[in-house]
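This report refers to the structure that appears directly beneath it.
The chains referred to below are lettered A, B, ... by the order of the sequence lines, with proteins before strands, and numbering in each begins at 1.
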Amino acid sequence: MKGLKIYNTLSGAKENFEPIHKDMVGMYVCGPTLYSEPHMGNMRTFINFDLVYRYLLHIGYNVKYVRNITDAGHITNSAGQQEDSIGKAARLEALQPLEIVYKYNVRFQNLQKIYNLLPPTIEPTATGHIQEQIEIIEKIIANGFAYEVNGSVYFDVQTYKASYNYGALSGRKVEELENETRELNAQGEKRFFADFALWKKANENDMQIWRSPWGNGNPGWHIECTAMSTKYLGETFDIHGGGLDLKFPHHEDEIAQSCGSSGKSPAKFWMHANMLNVNGKKMSKSLGNFFLPQEIVEGTTDLFDKAYSPNVLRFFMMQSHYRSTLDLTQEALNASEKGLSRLTEALESLENISVSEKSTFDIESIVREFYAAMNDDFNAPILIAALFDGVKKINLIRDGKASISQKDKTLLLTEMQNFVLDVLGLTLEGGQKDNRLKPVMALVLELRQQARSNKDWGTSDLIRDGLKNAGITVKDGKDSTSWK
RNA sequence: GGUCUCGUGGCCGAGUGGCUUAGGCACCGGUCUGCAAAACCGGUUACAGCGGUUCGAAUCCGCUCGAGACCUCCA
């Protein structure tokens with residue numbers, strides 16, 4: 001019992017978290033569909049679950065973290081766009097689906113490094129698990145919850161509904177689902193409008209086709225997650241996560257598939273990360289209001305007039321709770337940039353702070369706040385507030401207005417580093433100064449100090465302005481001058 | 001149309017019955033400083049509206065207005 005509470009979408013309440021197997025946690029998170037570049041909104045979900053992963057590790061769990069890569073079923077043509085006849089003719093330019101996936105996966109993996117995401121234990125692909133998907137479909141059919149029509153297999157929601165609660169996760173009732181006329185040629189094959197495809201018969205245009213007991217085709221939209229989570233984590237595991245937009249139908253259908261095949265609900269805890277908004281609206285490809293994680297780091301997006309480090313983006317996201325929507329604005333990013341800088345600088349100065357006999361503050365209670373915040377459903381904003389409480393104390397001690405004992409200093413330093421670096425996944429950018437630059441700067445600042453001693457303000461300011469143009473800020477302290 | 005969520009001070013954003021100065025940024029005042037910046041200290045501004053429950057509500061209930069999500073691939 002580590003005191004962690006997690007909001008479970010299944011129950012709609014925070015519940016005490018106890019893993020199925022002592023000290024072991026199995027976590028599955030729905031990953032990206034790599035038919036195009038992941039945007040910042042996609043990244044928010046992965047960053048939030050990275051926080052979950054990091055905190056679970058920090059409090060001592062052995063975590064198996066599975067996050068899939070969808071590379072089948074959704075990709076119909078080149079780059080997911082309308083294919084023109086000329087492009088089709090040019091064989092060299094026509095990309096195979098897996099070429100597209102590979103291309104964007106390389107970028108996605110790079111983004112994970114840039115944004116300091118810990119790699120999952122495994123990132124399995126849908127195409128690598130076709131056999132497993134087929135086997136689960138066979139089980140579902142054998143249990144009477146699916147039927148085959150014309151080389152396609154559909155999940156039988158009405159039959160399922162008689163034994164299980166379809167809508168357990170999303171709270172939806174089948175009767176209330178919109179029964180709209182959808183322009184799907186398969187619509188006529190379904191016994192019931194809410195039935196969903198487990199296996200689809202191949203079309204002539206399909207670029208990905210596999211053999212199955214029902215003929216050539218490709219897997220349905222939801223079965224891959226059931227197959228891969230079952231394979232790597234078992235029929236029942238601890239946490240299933242994903243974006244809020246996947247709650248229905250994707251996650252609801254995963255539950256149906258698991259119950260329909262193994263008779264067991266897949267996950268004890270369902271966690272949903274909320275959306276990233278731009279001007280109050282969900283960032284999405286279809287709305288076109290998205291930007292790429294790479295663009296914002298490089299400052300090449302039109303939405304902002306400057307570049308921000310991935311560290312700032314991460315910190316910005318950590319300042320809101322994962323279950324809340326978050327509105328991205330330039331002003332908010334600027335606020336995060338400054339706040340983060342104050343936090344990391346305090347952390348650096350803590351290392352060099354001098355100690356006294358006694359502490360003015362109750363350091364242990366501050367540290368307890370860190371854990372209390374994260375134990376309360378990963379409340380990172382509260383954690384950050386507590387960290388800034390530490391910042392304020394550190395600055396007071398540094399200015400000689402308060403004191404800290406060696407023991408407390410070690411405690412505070414260790415825990416603040418733990419939470420800032422390991423849990424929040426931030427990095428100390430200020431600490432990456434070029435070693436060759438250090439002596440040069442020391443020399444330059446020495447010359448400037450001499451000028452200042454001689455009241456030669458012209459030379460002093462010339463140096464200061466020149467350094468500023470070079471991107472180096474000179475900070476005149478009480479006794480010494482520093483730079484960054 | 002159906003289901004659901006949200007509306008907090010200039011901005012972002014926690015908080016779900018009384019005690020949080022939440023926090024960050026901005027702003028104002030002060031300290032420091034050759035000046036400036038940076039640092040530091042202190043301070044102002046709030047709970048969409050109306051009604052109800054309660055000794056007491058930003059927090060519970062109802063209504064109104066507004067925003068958004070899902071119902072179709074979607075993090």
Any donor-acceptor pair under 3.5 Å linking the side-chain atoms of [Y] with those of [X]?
| X | Y | value |
| --- | --- | --- |
| A:Tyr166 | A:Gln158 | no |
| A:Arg44 | A:Ser320 | yes |
| A:Thr127 | A:Gln208 | no |
| A:Thr325 | A:Asp327 | no |
| A:Tyr102 | A:Asp71 | no |

NA contact type, A:Lys281, heavy-atom cut-off 4.0 Å: base, sugar-phosphate, or nothing? sugar-phosphate

Would you indicate what A:Ser324 reaches in the nucleic acid, counting non-hydrogen atoms under 4.0 angstrom: base, sugar-phosphate, or nothing? sugar-phosphate

Rounded to whole Å, please give me the gap between NZ in A:Lys14 and P in B:A14. 12 Å

N/O (side chain, A:Thr33) to phosphate O (OP1/OP2, B:A75) under 4.0 Å: yes

Phosphate OP1/OP2 of B:U5: any A:Thr325 side-chain N/O under 4.0 Å: no

List, one per line, each side-chain donor-acceptor pair under 3.5 Å for residues 274-282 of chain A, sequence neighbours excluded.
none

Between A:His272 and A:Gly243 the two heavy atoms that sit nearest each other are CD2-O, 3.6 Å

Between B:C12 and B:C27, how far apart are the C1' atoms? Round to whole Å, please. 16 Å

Between A:Lys247 and A:Asn277, the residue closer to the 5' end of RNA chain B by nearest nucleotide is A:Lys247

Is the shortest side-chain N to carboxylate O distance from A:Lys306 to A:Glu337 below 4.0 Å? yes

Dot-bracket notation for RNA chain B is requested: 5' to 3', Watson-Crick or G-U wobble pairs only, both distances under 3.5 Å, with ( ), [ ], | and . as defined. (((((((..(((.(...[.)..))).((((.........))))....(((((..]....))))))))))))....

For a quick check, with a 4.0 angstrom heavy-atom cut-off, what is the B/S/- contact string for nucleotides 34-47 of chain B, read 5' to 3'? BBBBBSSSS-----

